[in-house]
Amino acid sequence: MIHPTPRLRFAPSPTGPLHLGGARTAMYNWAAARALGGTFLLRIEDTDQARSSDASLQIILAGLRWLGIDWDEGPEKGGAFGPYFQMQRLHLYRQAADELLARGHAYHCYCTPAEIEAGRKELEAQKAGFTGYNRRCRALSADQRAAFEREGRRPNVRFRMPDARAMKIHDLILGDVEVNTRDFDDWVMLRPDGVPLYNFACVVDDIGMKITHVVRGNEHFQNGIKQRLLFEALGHECPLYAHIPLILNKDGKKLSKRDADTNMLDYRDKGFAAEAVFNYIALLGWGFSGDRDVFTRDEMVAVFKIGGIGKSGAKFDEEKLRWMCGEYVRRWSPADLVARSRPWLEAPVTSAQFSPQAARLHALAAAGLELPPVPAHTFQFQAAWLQNVLACYQERVAILSELPGKLPWLFQQAPTLDAAAQKNLAKEPAAKDWLRGFADVLAAGNAPPSYRPWLPELDKADVRKGADAAVVLPSKKDAPEPVCAFDTPAQIEAQCRAFVERLGIKFGNFVHPLRAALTATDKGPGLFDVVFLLGKETCIERLRAAAL
RNA sequence: GUCCCGGUCGUCUAGUCCGGCCUAGGACCUCAGAUUUUCAUUCUGGUAACACGGGUUCGAAUCCCGUCCGGGAUACCA
């Protein structure tokens, strides 16, 4: 047999957002298609008309795009095997159903839901192992059918399952599994209105779209049995199946579409990096190697094999996702860091659509935080300074939404001291004198000029006079001393140590009130990077204010 | 009820197919220490698992059987 071009699909139903499990299924299909050099397509299973919506579709597509899962055929793309929406393929299902009806693989069923339920109850009462549809309409005479029709009953079409056929099937992940058709229903293929149900539409489309590998959640394993039989009845070879274990929630149960916090876009809106989320999800049931957890999409594709997916369910661990995000944030170039942080920092823009800015507002409001106003022109006219600022936070942030809450000391004229800062300021009785003294040291020194985002008249010129271009922050221990027209952090530190020595106090004792006065908190970048970023005038002002 | 699947540190996993290199490796979390002007990063080290019981074998996390536990399916949802 000539091996056909691998074709894999992700077939979501637009009845809710893209959740974790769906994202992972899409990812594994995508990775397998890329690894096999095949085609990855998207098919929209919108036959549940009551619950499908265009809004859900858009959210699903946005989620996939955000994760970097691109498709070769499907919505917005087209392709030679379309249409890719099942509701646009109804004629194909009708045609296949007629064929099956004619060949005796399917039959019309006139039972009402109540009758089906009654039949099931009866089987239960008999303590029958199988308690599905009682197959009453399997052998209806022409007269019986006509009578039902006269009653106004509209039939659906059921698939005639083989009576008791032992099947040995192979699954790429589960291996060989033995099942018996007696444990399965004569399932409904087509509703009376001609809209197909999942198993039927799925197979007709997998045939029509020449799908070669099906990777999907384990909840579809039994459907796979029905589908194999349908392929056979239709005279086609079935694709290779791979049923992957479910992602479990904290309670160890199947993740539900209705778990709001599993919407992929929520992770985007909370500030998680897309690559990190991708990387983390890939790890839920699959291992890159015995000793590496962080890898790129390309690296994944290079080694991905469907059979390498694990068999047991995985619980989602947000702690590890968080760590993963930090790993990615720390790998970004300074320019990337600025670009990716921007939506979380910049003053909100008006937009009818979703914007990360809007999400940021929510996040901040929820945390009870004041907005860190980073004016748009700061990005434009103080780019070097801002880059230094953010670089100082690169290893202090894992999720971008955490960033704004850390920056008020740089963007407010008089940031409010938090409890820790107040404590550090009050600890040493002489602290105020020290601070006043250090203000004088700075006044005599040559620290860079201050940039003050809070001033109404914002200077669009380079108020920093090139200081940030000359000194790359954060300061590193063994880095060569930069050439700068102003005092560098290292030089400021030297001045500080000399000052402390003159005073005859311990450096460690001085540093805490100094940080408190300057940053209004007890955390943050290196102290002398802080002085450098704040600039001469602002530092002197804050030190003298704190000394009052 | 019936059918199917699964079960290695708290969590994600490597090892299982082709028994010995496994006194079970890595990562997250956690704890201790180092570095240090805070926080963070980084580094070092520690705690922590083969669900249980029987086999087979010189030898089992790996093969077989049973038990228990967990999950999925059993829709005119997908």
Side-chain angles (χ1 to χ4, degrees), chain A residues 11-16 22 45-48 50-52 109 111-113 116 120 123-124 127-133 156-158 171 173-175 177-180 182-185 187-193 195-199 201-202 216-223 225 243 245-246 248 252-254 257 280 283-294 307 310-324 326 330 392-398 406 420 424 474 477 493 496-497 507-512 514-516 519 521-528 530:
Chain A
S13 71
T15 54
E45 310 211 326
D46 53 357
T47 56
D48 184 346
R51 292 195 294 148
S52 292
C109 170
C111 294
T112 63
I116 292 167
R120 201 178 57 77
L123 286 173
E124 265 176 25
K127 297 247 188 286
F130 173 79
T131 57
Y133 173 57
N156 58 207
V157 181
R158 282 187 190 269
D171 186 279
I173 291 166
L174 269 15
V177 180
E178 290 178 32
V179 293
N180 194 301
R182 82 164 86 84
D183 299 314
F184 292 82
D185 241 340
W187 48 281
V188 178
M189 300 177 357
L190 217 53
R191 297 176 171 99
D193 63 3
V195 177
L197 261 59
Y198 170 69
N199 284 117
C202 181
R216 81 228 303 192
N218 195 249
E219 76 265 31
H220 287 299
F221 181 81
Q222 320 265 357
N223 287 329
I225 310 300
H243 289 95
L246 272 13
L248 280 10
K253 295 265 163 60
K254 174 185 171 185
K257 258 179 207 178
Y280 177 72
L283 249 20
L284 253 23
W286 182 78
F288 177 78
S289 75
D291 58 3
R292 248 182 90 190
D293 280 348
V294 183
K311 293 183 177 184
S312 51
K315 280 184 194 161
F316 178 72
D317 178 12
E318 190 159 318
E319 291 265 23
K320 188 157 184 178
L321 204 210
R322 210 195 127 71
W323 164 82
M324 184 72 79
R330 272 170 247 132
C392 284
Y393 280 94
Q394 189 155 18
E395 60 190 30
R396 287 170 232 273
V397 146
K406 297 182 185 296
N424 285 341
K477 276 249 181 43
E493 175 171 359
C496 181
R497 287 189 184 271
F507 185 69
N509 287 344
F510 177 58
V511 123
H512 298 286
L514 178 57
R515 174 179 293 280
T519 69
T521 182
D522 67 338
K523 319 174 172 23
L527 231 201
F528 305 102
V530 164

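In this text the structure is predicted, and so the values were computed from the model without any measurement. Proteins come first, then strands; the chains are lettered A, B, ... in the order of their sequence lines, and each starts at number 1.
- The phosphate of B:U37 (OP1 or OP2) has a side-chain N or O of A:R497 nearer than 4.0 angstrom.
- Each of A:E493 and A:F184 lies near RNA chain B, and the nucleotide nearest A:F184 is the one positioned closer to the 5' end.
- Taking atom CG of residue A:L527 and atom C1' of nucleotide B:U37, one finds them 6 Å apart after rounding to whole Å.
- For A:D293, the side-chain atoms get nearest to B:A27 when compared with the rest of B:A78, B:U37, B:A27.
- Taking every side-chain heavy atom of A:P192 into account, B:C76 is the closest of B:C39, B:C76, B:A78.
- The structure places CG of A:N223 at 8.5 Å from CH2 of A:W187, a figure rounded to the nearest 0.5 Å.
- Residues that satisfy the side chain to side chain contact (heavy atoms under 4.5 Å, CB included) test with A:Q394, not counting sequence neighbours, are A:V329, A:W332, A:L337.
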*asked:* Counting primed atoms plus P, OP1 and OP2 as sugar-phosphate and everything else as base, spell out the protein contacts along nucleotides 63-71 of chain B at 4.0 Å heavy-atom distance: B, S or - for each nucleotide, 5' to 3'.
replied: --------S

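- Minimum interatomic distance between A:L174 and A:V177 (heavy atoms only, all atoms of both residues): CB-CG2, 4.2 Å.
- For A:D183, whose side chain is taken as the heavy atoms from C-beta onward, the closest listed nucleotide among B:A78, B:C3, B:U37 is B:C3.
- Looking at A:F507 and A:C496, their side chains come closer than 4.5 Å, going by heavy atoms from C-beta outward.
- The side chain of A:K311 contributes an N or O atom lying less than 4.0 Å from OP1 or OP2 of B:G6.
- Ion pair A:R322/A:E318 not flagged as a salt bridge, since none of the NZ, NE, NH1 or NH2 atoms sits closer than 4.0 Å to an Asp/Glu carboxylate oxygen.
- Taking atom CH2 of A:W323 as the reference point, atom P of B:U41 lies 12 Å away to the nearest angstrom.
- Here, B:G20 and B:G59 have their P atoms 15 Å apart, quoted to the whole Å.
- Contact annotation for A:Q394: no contact, since no heavy-atom pair falls under 4.0 Å across all strands.
- Side-chain atoms of A:K477 lie closest to B:U35 of the nucleotides B:U35, B:C12, B:A78.
- Between the C1' atom of B:C12 and the OH atom of A:Y280 lies a distance of 6 Å, rounded to the nearest Å.
- Listed candidates were B:C5, B:C39, B:C4. Nearest to the side chain of A:V179 is B:C4.
- A close approach under 4.0 Å does not occur between any side-chain nitrogen or oxygen of A:R120 and OP1 or OP2 of B:U74.
- The nucleotide whose nearest atom lies closest to any side-chain atom of A:D522 is, among B:C28, B:U8, B:U38, B:U38.
- Across B:A61 and B:G53, the matching C1' atoms stand 16 Å from one another, rounded to whole Å.
- Residues A:D293 and A:K320 share a closest heavy-atom pair of OD2-NZ, 3.0 Å.
- Using a 4.0 Å heavy-atom cutoff across all strands shown, A:G285 reaches sugar-phosphate atoms only and no base atom.
- Atom-to-atom, CZ of A:F130 to C1' of B:G1 comes out at 13 Å; the value is rounded to the nearest Å.
- Across the protein-nucleic acid pair, A:E319 atom CD and B:U11 atom P stand 14 Å apart, rounded to whole Å.
- B:A32 is paired with B:U44 under the criterion used here, namely a Watson-Crick or G-U wobble arrangement in which both key atom distances are under 3.5 Å.
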*Could you go step by step and tell me if A:T15 and A:S13 meet the side-chain hydrogen bond (donor to acceptor under 3.5 Å, both in side chains) rule?*
CA-CA 6 Å; A:T15 54; A:S13 71; 3.1 Å; yes

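- Below the 3.5 angstrom threshold, one finds no donor paired with an acceptor across the side chain of A:K523 and the base of B:A40.
- A:T47 comes within contact range of the sugar-phosphate backbone alone, with a heavy-atom separation under 4.0 Å but no base atom that close.
- If you measure from atom CZ of A:R292 to atom C1' of B:C12, you get 17 Å, rounded to the nearest angstrom.
- With a 6.0 Å cutoff to the six-membered ring centre and a 45° limit on the axis angle, A:R158 counts as a cation-pi contact of A:Y133.
- As judged by a 4.0 angstrom heavy-atom cut-off over every strand, A:H243 is placed among residues making no nucleic acid contact.
- Taking atom P in both B:U8 and B:C52, the straight-line distance is 11 Å, to the nearest Å.
- Distances shown here put a side-chain N or O of A:R191 below 4.0 Å from the OP1 or OP2 atom of B:C77.
- Searching all strands for a Watson-Crick or G-U wobble partner of B:C69 with both distances below 3.5 Å returns B:G6.
- Between the C1' atoms of B:A49 and B:C22, the separation comes to 13 Å (whole Å).
- Candidate nucleotides B:U38, B:A78, B:G26 were compared by shortest atom distance to the side chain of A:K320, and B:G26 ranks first.
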*Would A:H243 and A:D171 count as a side-chain hydrogen bond (donor to acceptor under 3.5 Å, both in side chains) if you check the C-alpha gap in whole Å, the side-chain angles of each, and the deciding distance to 0.1 Å?*
CA-CA 7 Å; A:H243 289 95; A:D171 186 279; 2.7 Å; yes

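- When the C1' atom is compared between B:A75 and B:C9, the two are found 41 Å apart, to the nearest whole Å.
- Base pairing of B:U37 is not made with any nucleotide, judged by Watson-Crick or G-U wobble geometry with both donor-acceptor distances under 3.5 Å.
- Here B:G1 sits opposite B:U74 as a Watson-Crick or G-U wobble pair (both hydrogen-bonding atom distances under 3.5 Å).
- In this structure, of B:G26, B:C76, B:G72, it is B:G72 that holds the atom nearest to the side chain of A:E219.
- Atom-to-atom, CZ of A:F288 to P of B:A27 comes out at 15 Å; the value is rounded to the nearest Å.
- Note on A:G524: a base of the nucleic acid sits closer than 4.0 angstrom, heavy atoms only.
- A distance of about 14 Å separates the P atoms of B:A51 and B:C12, rounded to the whole Å.
- At the heavy-atom level, A:N424 lies nowhere under 4.0 Å from the strands shown.
- The heavy-atom pair separating A:Y280 from A:D317 by the smallest distance is OH-N, 2.7 Å.
- Going from atom CG of A:D171 over to atom P of B:C5 covers 10 Å, rounded to whole Å.
- B:C5 and B:U44 are spaced 44 Å apart, taking the P atom of each and rounding to whole Å.
- Of all nucleotides listed (B:C5, B:A27, B:A78), B:C5 comes nearest to the side chain of A:L174.
- Remark: the A:S312 side chain and the B:G7 base include no donor-acceptor N/O pair separated by less than 3.5 Å.
- The same atom, C1', is picked in B:C58 and in B:A73; the two are 45 Å apart, to the nearest Å.
- Closest to the side chain of A:K315, out of B:A78, B:U11, B:U36, is B:U11.
- Taking A:K406 as the reference, nothing meets the side chain to side chain donor-acceptor pair (under 3.5 Å) condition, with sequence neighbours excluded.
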